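A quick note: this is a predicted structure, and the numbers were derived from the prediction, not measured.
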Amino acid sequence: MGNTAMAHRQPLPDVQSGHGEMSDIALDWVGMQGIALPLEVAGRPLNAEVSVGVNVCANRDGVRGIHMSRLYLTLDALTQGELTPRRIINTLAECLQSQSTDSDRVQLEIGGELLLSRPALISPQRGWKSYPLRITAALELLPTLTLQVGVPYSSTCPASAALSRQAAQQQFLVDIEADDETVGTQQVADWLGTHGMPATPHSQRSWAWVTVTLSGDEKVLPVISLIDRIEHALGTPVQTLVKRQDEQAFALANGRNLMFCEDAARRLYDALRRSCCYSAFSVRVEHQESLHAHNAVARLSWREDADAA
């Protein structure tokens with residue numbers, strides 16, 4: 001009985017801290033992916049998936065592995081209130097401190113979908129829309145922090161709209177020539193109501209993926225303000241619950257807001273530059289074509305130091 005109690009008091013083996021085989025080979029990243037965490041972003045719940053890891057420097061007397069349980073426990077700080085840049089940076093520092101001196105860099109990724117209530121265009125209705133977001137953070141000598149959001153929108157092809165208008169003109173002339181009488185305003189209106197759309201332009205559900213570099217001094221993560229800026233610049237964000245008046249307003253907005261993927265990317269560039277909030281950003285727009293079997297994509301990026309050069 002005494003020998004058994006003594007055995008229980010012995011320390012448990014720590015294999016990770018033992019000298020590992022070929023420890024002179026450095027590892028860029030060792031950690032965990034897909035950790036489920038309940039987070040709060042912009043005052044709203046986020047069912048997040050988190051990845052965290054550190055590097056392992058080359059060292060002939062180095063440790064065999066890292067202490068993953070320490071990283072996991074440190075991540076709990078992210079759940080203790082609103083997720084802010086400062087909370088993320090502090091957690092990075094604590095993650096790095098939890099490891100041995102063989103690690104000098106830590107990386108963190110947080111992904112999820114944020115649900116926002118959005119109003120209808122005309123009717124007094126509201127609905128929920130999901131926005132994917134990803135936060136990427138790292139700490140070596142200095143912290144780096146980026147925020148990416150995905151915003152769905154509708155895009156109507158300018159070329160298709162021009163071809164559709166031409167088809168309507170041609171059909172109108174054919175029908176008018178068959179009528180010997182003078183055509184009045186009401187007849188034109190009747191024709192438009194029954195034959196005015198012999199061809200319709202094609203639209204597609206599209207995506208804008210915008211990544212911005214944060215300073216780390218922001219009091220909150222600018223998720224909602226960034227989404228609002230993107231939707232305002234593009235003009236035709238997809239809708240949720242719609243009544244007939246909302247659907248008509250959406251059709252009008254698309255008809256007045258024709259754009260190729262190049263146009264969408266440039267609009268976002270202009271909107272982000274005018275905001276003066278970010279030192280760097282990148283834009284990727286994807287028009288998921290209804291005409292082609294492939295998608296149309298445009299990308300661009302900007303850095304503040306590039307302008308100085």
Side-chain angles (χ1 to χ4, degrees), residues 41-42 46 109-116 118-119 121 127-136 145-164 200-214 221-240 242 247 249-307:
V41 175
L46 180 73
E109 287 190 3
I110 301 169
E113 294 195 350
L114 192 67
L115 280 169
L116 297 180
R118 305 306 249 180
L121 291 174
W128 292 94
K129 191 156 58 169
S130 177
Y131 297 89
L133 67 84
R134 180 163 298 277
I135 300 161
T136 304
L145 185 62
T146 64
L147 166 67
Q148 182 188 72
V149 296
V151 176
Y153 64 101
S154 177
S155 60
T156 300
C157 176
S160 178
L163 293 169
S164 298
T200 57
H202 69 83
S203 299
Q204 49 266 323
R205 181 182 297 175
S206 304
W207 280 91
W209 297 94
V210 175
T211 303
V212 297
T213 299
L214 304 179
L221 287 167
V223 178
I224 296 180
S225 61
L226 181 58
I227 289 172
D228 289 343
R229 187 174 295 276
I230 293 168
E231 290 191 337
H232 180 75
L234 294 172
T236 45
V238 299
Q239 302 297 298
T240 56
V242 294
E247 189 168 356
F250 189 66
L252 286 169
N254 272 273
R256 297 165 181 165
N257 191 41
L258 309 175
M259 57 181 154
F260 295 116
C261 64
E262 298 94 327
D263 301 319
R266 288 170 176 144
R267 287 189 194 182
L268 292 173
Y269 176 90
D270 180 66
L272 292 168
R273 285 298 309 274
R274 284 189 287 106
S275 73
C276 299
C277 294
Y278 313 110
S279 61
F281 62 79
S282 64
V283 171
R284 183 181 189 275
V285 296
E286 179 180 334
H287 288 190
Q288 299 176 349
E289 292 279 351
S290 60
L291 170 64
H292 304 288
H294 54 267
N295 297 331
V297 177
R299 295 194 296 255
L300 59 78
S301 60
W302 172 82
R303 295 191 67 86
E304 191 173 43
D305 52 11
D307 280 356

Might you point out which heavy atoms bring Ile230 and Ala208 nearest each other, and give the distance in Å?
CG2-CB, 4.2 Å

Give me the atom names and distance for the closest heavy-atom approach of Ala296 to Glu289.
CB-OE2, 3.6 Å

Residues Ser203 and Thr156: side-chain donor-acceptor under 3.5 angstrom
yes

Would you mind telling me which of Arg205, His287, Gln204 makes a side chain to side chain donor-acceptor pair (under 3.5 Å) with Tyr153?
His287

Under a 3.5 Å threshold, yes or no: a donor from one side chain and an acceptor from the other, between Glu304 and Ser279?
no

Using modelled atom types only, decide if a donor and an acceptor are shared between the side chain of Asn257 and the backbone of Leu234 within a distance under 3.5 Å.
yes

Looking just at side-chain N and O atoms, do Ser282 and Ser301 make a donor-acceptor pair shorter than 3.5 Å?
no

Side chains of Tyr131 and Arg118: is there a donor and an acceptor less than 3.5 Å apart?
yes

Check: Thr236 side chain, Ser154 main-chain N or O, donor-acceptor pair, under 3.5 Å:
yes

Evaluate the side-chain contact (heavy atoms from CB on, under 4.5 Å) criterion for residues Leu226 and Val212: first the C-alpha distance (whole Å), next the side-chain angles of each, then the deciding distance (0.1 Å), finally the verdict.
CA-CA 9 Å; Leu226 181 58; Val212 297; 4.0 Å; yes

Show, in sequence, the C-alpha distance, side-chain angles and deciding distance for Leu214 and Tyr278, and conclude whether the side-chain contact (heavy atoms from CB on, under 4.5 Å) test is met.
CA-CA 6 Å; Leu214 304 179; Tyr278 313 110; 4.1 Å; yes

Does any donor atom in the side chain of Glu286 or Asn295 lie under 3.5 Å from an acceptor atom in the other side chain?
yes

For Lys129, is there an ion pair with Glu231 - N to carboxylate O distance below 4.0 angstrom?
yes

Check the pair Arg274 / Asp270 against salt bridge (Lys or Arg N to Asp or Glu O under 4.0 Å), numbers first and verdict last.
CA-CA 6 Å; Arg274 284 189 287 106; Asp270 180 66; 2.9 Å; yes

At their closest point, which heavy atom of Ala233 faces which heavy atom of Arg267, and how far apart are they?
O-CD, 3.3 Å

Where do Ala42 and Ile224 come nearest, in terms of heavy atoms and distance?
CB-CD1, 3.7 Å

If you round to the nearest 0.5 Å, how far is CG of Asp263 from CG of Leu258?
9.0 Å

For residues Ala265 and Val283, report the shortest heavy-atom separation together with the two atoms involved.
CA-CG1, 4.3 Å

Assess whether side-chain contact (heavy atoms from CB on, under 4.5 Å) is satisfied between Gln148 and Ile135, documenting all intermediate values.
CA-CA 6 Å; Gln148 182 188 72; Ile135 300 161; over 6 Å; no

Do the non-hydrogen side-chain atoms of Val151 and Val210 ever get within less than 4.5 Å of each other?
no

Sidechain-backbone polar pair: Ser160 side chain, Cys157 backbone, donor-acceptor under 3.5 Å:
no

So for atom NE2, which belongs to His292, do other residues, nucleotides or ligands contribute more than 12 heavy atoms lying within a distance under 6.0 Å?
yes

Side chain of Glu109, backbone of Thr136: donor and acceptor closer than 3.5 Å?
no

Kindly indicate, with the supporting measurements, whether the criterion side-chain contact (heavy atoms from CB on, under 4.5 Å) is fulfilled by Leu147 and Thr213.
CA-CA 7 Å; Leu147 166 67; Thr213 299; over 6 Å; no

How many angstroms lie between CG in Leu268 and CG in Leu300, if you round to the nearest 0.5 Å?
8.0 Å

I want to check something: taking the side chain as every heavy atom from C-beta on, are Leu133 and Leu46 in contact at a cut-off of under 4.5 Å?
yes

Heavy-atom pair with the smallest gap, counting every atom of Gln239 and Pro119:
OE1-O, 4.0 Å

Quick check for you: to the nearest 0.5 Å, what is the distance between Ser206 atom OG and Gln288 atom CD?
7.0 Å

Taking side chain as C-beta onward, heavy atoms only, is Arg134 less than 4.5 Å from Ile110?
no

